[in-house]
> 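I have a structure I would like to understand better, so I am pasting it below and will then ask my questions one at a time.
The structure displayed is predicted, hence computed values, not measured ones. Residue numbering restarts at 1 for every chain, and letters A, B, ... go by the order of the sequence lines. Below, all heavy atoms of this structure are taken into account, side chains as well, without hydrogens, waters or symmetry copies.
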Amino acid sequence: MSQNRRDFLKTVAAIGTSAGALSALSPNKVKAKSPENLSEERMGVLVDATVCIGCRKCEWACRGAHDIENGNIQDYADEKVFETNRRPDYDNLTIVNRYESSDEKLSNVKLQCMHCDHPACVSACIVGAISKKKNGSVVWDTDMCIGCRYCMVACPFQIPAFEYHKALDPKIVKCDFCDERTMEGKLPACTAICPVEALTYGKREDLLIEAKRRFKNNPDRYYQHIFGEHEIGGTSWLYIADKDLAGTVFPKLDNRTAPGVSESIQHGLFAYFVPPVAVYALLGGIMWLTKDKKKTEGK
Amino acid sequence: MKVTIKILLLLFICSLSVSAQIQSLAKHAQMNIDCKSCHVCDTPTKADPCLILCPRYKLEVVRHSPDEGPDHIIIDKIKVEKDLYKPVQFSHRLHSEMSLMSGGCSSCHHFNPPGNIVECSECHEPNRARTDLSKPDLKGAYHRQCMDCHYSWDAKVECADCHELNSSETESVRLEAMPSKSHPKVKEPEKIVYETGSDEGDLVTFFHNEHISLFNLECTDCHSNESCAQCHSQKEKVERPILADAHENCSACHDTEDDCTSCHMEMERAPFNHFKSSGFSLKKYHSDVSCISCHTAGGGFTGLNKNCISCHNFEDEDFDHGVTGLTLDDIHIENECADCHTETVYSKVSCDTCHDEDITYPASLPGTKK
Ligand code: SF4
Ligand code: SF4
Ligand code: SF4
């Protein structure tokens, strides 16, 4: 427990550092937990938005793999959902959004937890319920989760969702990189079902090579940047598309690892998803924000 | 002596075992394929051929007309336990016909060394969990091939548009309809007036219908490398793209270097009329003839003589008089041309070289008219 307590204090300090504009503590001194765990062999997924056709079969499969009622697969062809910009939530660990990539073209992009190499959520969790595994997955222990929702605020991609609908013992939920399936040697459910293989599962380092190979072979097709290669210190899920996803689909993020949560909160979350109200208080402000976010999501 | 024969025989047998490889090497070397299409290094060896990954954009040497390919293909290579869908019935001929306007066979058969047609499954693994990530698995490859076009023109394309549900009771009608299926007739514009902004004359009036029906151009003569999305677009309105080099399509027949004013004018031009322009009517015998079979000196379309012999060599032994619409009978076929055609204007005929005055043309015919 002492470990968790120390983490908690570090996190608080980190938030305080940037939010309060106190520059005494250099961000580098406050490290997210577990980068030392990072394995060269860690897995990832390359999402190619130029290939995704927006069929949402991944949403169906993901729900099925997580015991969430997923209904009839054919109902997912309904295009109406694309009218609103959705976010992953407790009911949909992943969602597909449609965006306008050019005057003539509509593209699609699947969103879920990015499985950051230096996850801010892990640092933010005061009880240490979330951890980054050697294989790249960022998973959490439901029994340990106390429902404080700090991870929700910390995550630069606004991924962890809260079971607001549950009166009793609501918990945090998010994409777990299909931890159970991959431990059994299966592919993550979404990557297994994707008809066009817009999601390529493999070793992160191989995926980076593959992404660059696609850039080289087909320079006109791509905006030559792998989102997630360096952003906030790198993520397991990597994105390539025909336009810059930073600032549109994703927040614009620094390449520095989210030091605890400091940088990413300011640049990512607040700059993009949440009204930039004065968030210069510490925890009280954060709690207030998560409530506010619930509304912005339009759940 | 016997020893020499034995050695030779041994050598021969050895050579057989490697002949396959040498053969393919020799073939490749002859085939005008750049070594760099397949090998990354300068001196590939047998031990290290340094082959590049599937050269998607480089190698396609098998070509044939749509009719030579299969009419349809049943795609049933991907099977899972609980199949939701029936095998896909793919209208191959229809697609290959359409591909003539958009990149040809290689738009799908992107890798095909000489020899047989390479099936997708020869390169694309059926297994998604694999180490070589450089090419999509078979399911991904199939779907990408289709969706690269189908999605780009209609974001609403649904699975059931290609896949019939296994649960569907109705008998498939696709297969029967397939042989007769072709791309619906394209509504072609009659004329397009381009505002070119050129000093030589702003307006270029392009009569699309003339080029098809009068000049007998095939669609693919001009439209050879267009993407389907040029006409079919996700969005309602399709703007015709500005031609990168507007002269490119015209210059195959017209002199776009020196002769500007034939096309560039200050006003819209009237439709083309061969008789008005040249005094020679195409109507009777020449309406099916392509321009360049008479106007052989590329570029200009002037300088031909109305006289038949400026193009036709009637003195030729093989000349078949039937092409004029009149098949000569056994007696007249032995005549020299000049016996009847005393002048070089071949529409004029005189019978009096041989006959009395009571036999005249066309009252009496030297054969049968079509
Ligand atoms: S995307 Fe958010 S929830 Fe996922 S690992 Fe990164 S910080 Fe944690
Ligand atoms: S990896 Fe698993 S949990 Fe994550 S989005 Fe895909 S199916 Fe859902
Ligand atoms: S299953 Fe694949 S193609 Fe379909 S929406 Fe998901 S990522 Fe896109």
> Could you tell me whether the side chain of B/Leu165 reaches within less than 4.5 Å of the side chain of A/Gln74, counting heavy atoms only?
yes

> Relative to chain B, which of A/Val196, A/Thr200, A/Ile209 shows the most heavy atom pairs under 4.5 Å?
A/Val196

> I need the minimum non-hydrogen distance between A/Glu197 and B/Asp137, along with the two atoms involved.
OE2-OD1, 3.3 Å

> Might you point out which heavy atoms bring B/Arg128 and A/Ile193 nearest each other, and give the distance in Å?
NH1-C, 4.1 Å

> Given the options A/Ala77, A/Gly54, A/Ala198, A/Pro195, which has more heavy-atom pairs under 4.5 Å with chain B than any of the others?
A/Pro195

> Just give me the residue among A/Thr191, A/Thr50, A/Leu46 that pairs up with chain B most often, heavy atom to heavy atom, under 4.5 Å.
A/Thr191

> Looking at B/Tyr151 and A/Cys52, would you say the former's side chain and the latter's main chain have a donor-acceptor pair under 3.5 Å?
no

> Does A/Glu184 have more than 12 heavy atoms from other residues, nucleotides or ligands lying within 6.0 Å of its CD?
yes

> For atom CD of A/Glu180, decide whether the heavy atoms of other residues, nucleotides or ligands shown that lie under 6.0 angstrom number more than 12.
no

> With side chains defined as the heavy atoms from C-beta onward, is the minimum distance between B/His143 and A/Cys194 less than 4.5 Å?
no

> Can you measure from CD1 (A/Ile53) to CG (B/Asp148) and round to the nearest 0.5 angstrom?
10.5 Å

> So what's closer than 4.5 Å to chain B heavy atoms on A/Ile73: side chain, backbone, both or neither?
side chain

> Between B/Cys159 and A/Lys57, is any pair of side-chain heavy atoms under 4.5 Å apart?
yes

> With a sphere of 6.0 Å drawn around CD of B/Glu122, does it hold more than 12 non-hydrogen atoms of other residues, nucleotides or ligands?
yes

> Considering residues, nucleotides and ligands other than A/Tyr223, do more than 12 of their heavy atoms fall under 6.0 Å from its OH?
no

> Could you state the interatomic distance from CD (A/Glu210) to NZ (B/Lys135), rounded to the nearest 0.5 Å?
10.0 Å

